[in-house]
Number of protein chains: 2
Amino acid sequence: MAQSSPVAAPVRSRRRGEALEQAILEAAHQILREDGYSKLTMEGVAAAAGTGKAALYRRWADKDTLVTAVLQSVLPSPQQLRLTGDVREDLLLIMCCIRNAIGLTNGAAFDIVRHEGPGSGGLVHKAVGQRVLDPCRREILAVLTRGIAEGSVRPGTATPLIADVGPGMIIQHVVVVGTDVPEPFVVSVVDEVLLPLIRA
Amino acid sequence: MAQSSPVAAPVRSRRRGEALEQAILEAAHQILREDGYSKLTMEGVAAAAGTGKAALYRRWADKDTLVTAVLQSVLPSPQQLRLTGDVREDLLLIMCCIRNAIGLTNGAAFDIVRHEGPGSGGLVHKAVGQRVLDPCRREILAVLTRGIAEGSVRPGTATPLIADVGPGMIIQHVVVVGTDVPEPFVVSVVDEVLLPLIRA
DNA sequence: GTTCTAGTGAACGGCTGCGTCTACTATATC
DNA sequence: GATATAGTAGACGCAGCCGTTCACTAGAAC
């Protein structure tokens, strides 16, 4: 792990404040991606960032607080999506947003949710659920609702259950196959599952 | 944890052989259900079973070997399902098989797969993937194929992708909401997602 | 009863990681 | 330059767990 550290060389001039914080977050993010949540330790992050644990504990109370900060800094937000108004295109955009969120963290977001226990309302649950999963569901529902109004989507399909089908397929792929979700998989989920399910 | 041990009282007469092995597996299963995979330790299992670690290590090389044995003893097998020939009924049976597999182990099966890394081909991956997920997918494909032949299922739907929709919904529920998957949820997945998707 | 085997209970050494603390000091600010 | 703050590097005590070993002994088999 020391070999993969972005700042393994002795640091002659000290980073302070925001610069150090960024280096720590980046180091933590890298460990999260490469080794996953369960193998991330405060000591490992400190070593990878070329600093001491005390500098971490000055900012974050514990591992999960640090990981939450990492997730909040890297998770894409579906509010930033530029939806087109085309049902297929928009579903693809949203699904790729979910896929990218997973890829950025090697599925750690889901590990954390399960580690905390669902419904625990922990900080990380909020970061992941409220930042990615819930907004994506709302976006999908909006896409379906608009499609129903335009007549291209079957009435009655704008339900949370149906909105969960796409994300469910991605989560299953993550759990069973791995966090590298190929884009063709996303496309086929939209074309062979979602569109047949919702079309008028 | 000692308070929840089924055999917390001092054991006056020693169990030997199969009886001890059963007690250990049951203790491990209980810890798996209550605390999850990451919190299961060999010491904890030994304490809960009222025995010593040496007795565990005489039988199982390490934690994962023990957990594999637990899973193999509790996971239901879809081969045991009595399918009816009715598409809806059979999909419900298979889906409940998956749901029950998850409930029996508090979702630990999935934690283990992710801990090992998908595609690692580890023993636990084999126990879960080959015993539950792959057979269920095959059963679903068989149901779809038979439905197509009878004309009640749309041609072209007997694909692995569509066969994964139902399991995907359950896995998502596990990850996001929790391992207590209500039976009405399973029923609505079949009725509101699967049947609309596949009907002729 | 004798012998053998596996179970019991405890201890051990080793490792990892946590969270905290300290002496020193780089660096920003005045 | 003087002061204050945060960063550095290391050490510490603690807890937990692993895997192994040992002396003793319950209990099966003969």
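All chains are named by letter (A, B, ...) in the order of the sequence lines, taking the proteins before the strands, and each is independently numbered beginning at 1. The analysis underlying the following values was restricted to heavy atoms, covering all of them including side chains, and did not include hydrogens, waters or symmetry mates. Everything numeric in this text was worked out from a predicted model, so none of it was measured.
As a whole-Å value, the separation of A/K39 NZ from C/dT16 C1' is 14 Å. Taking atom CG of A/L56 as the reference point, atom C1' of D/dA9 lies 14 Å away to the nearest angstrom. Protein atom CZ of B/R15 is 17 Å distant from nucleotide atom C1' of C/dT5, rounded to whole Å. Between A/E18 atom CD and C/dA28 atom P there is a gap of 15 Å when expressed in whole angstrom units. Rounded to whole angstrom, the span from the CD atom of A/E21 across to the P atom of D/dT8 amounts to 13 Å. Atom CG of B/L20 and atom P of C/dT5 are 18 Å apart (whole Å).
Residues A/L161 and B/M169 form a side-chain contact, since some pair of their non-hydrogen atoms from C-beta on lies under 4.5 Å apart.
Residue A/L20 comes nearest to A/A55 through the heavy atom pair CD2-CB, 4.1 Å, listed as atom of the first residue, atom of the second, then distance.
In this model, the phosphate group of C/dG7 is approached by a side-chain N or O of B/R58 to a distance below 4.0 Å at OP1 or OP2. OP1 or OP2 of C/dT8 has at least one side-chain nitrogen or oxygen of B/T51 nearer than 4.0 Å. The side chain of A/R59 places an N or O atom within less than 4.0 Å of a non-bridging phosphate oxygen (OP1 or OP2) of D/dG7.
Take B/L93 and apply the side chain to side chain contact (heavy atoms under 4.5 Å, CB included) test, not counting sequence neighbours, and it matches B/L83, B/T84, B/D90.
When each of A/V67, A/V70, A/T41, A/V45 is tested with A/I31 by the rule side chain to side chain contact (heavy atoms under 4.5 Å, CB included), just one qualifies, namely A/V45.
For A/N100, the CG atom sits in a packed shell: over 12 heavy atoms of surrounding residues, nucleotides or ligands are nearer than 6.0 Å.
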Quick one: what's the B/S/- string for nucleotides 18-25 of chain D, heavy-atom cutoff under 4.0 Å, read 5' to 3'? BBBB---B
Give the intermediate values and the outcome of side chain to side chain contact (heavy atoms under 4.5 Å, CB included) for residues B/R15 and B/Q22. CA-CA 10 Å; B/R15 298 148 305 176; B/Q22 272 305 307; over 6 Å; no
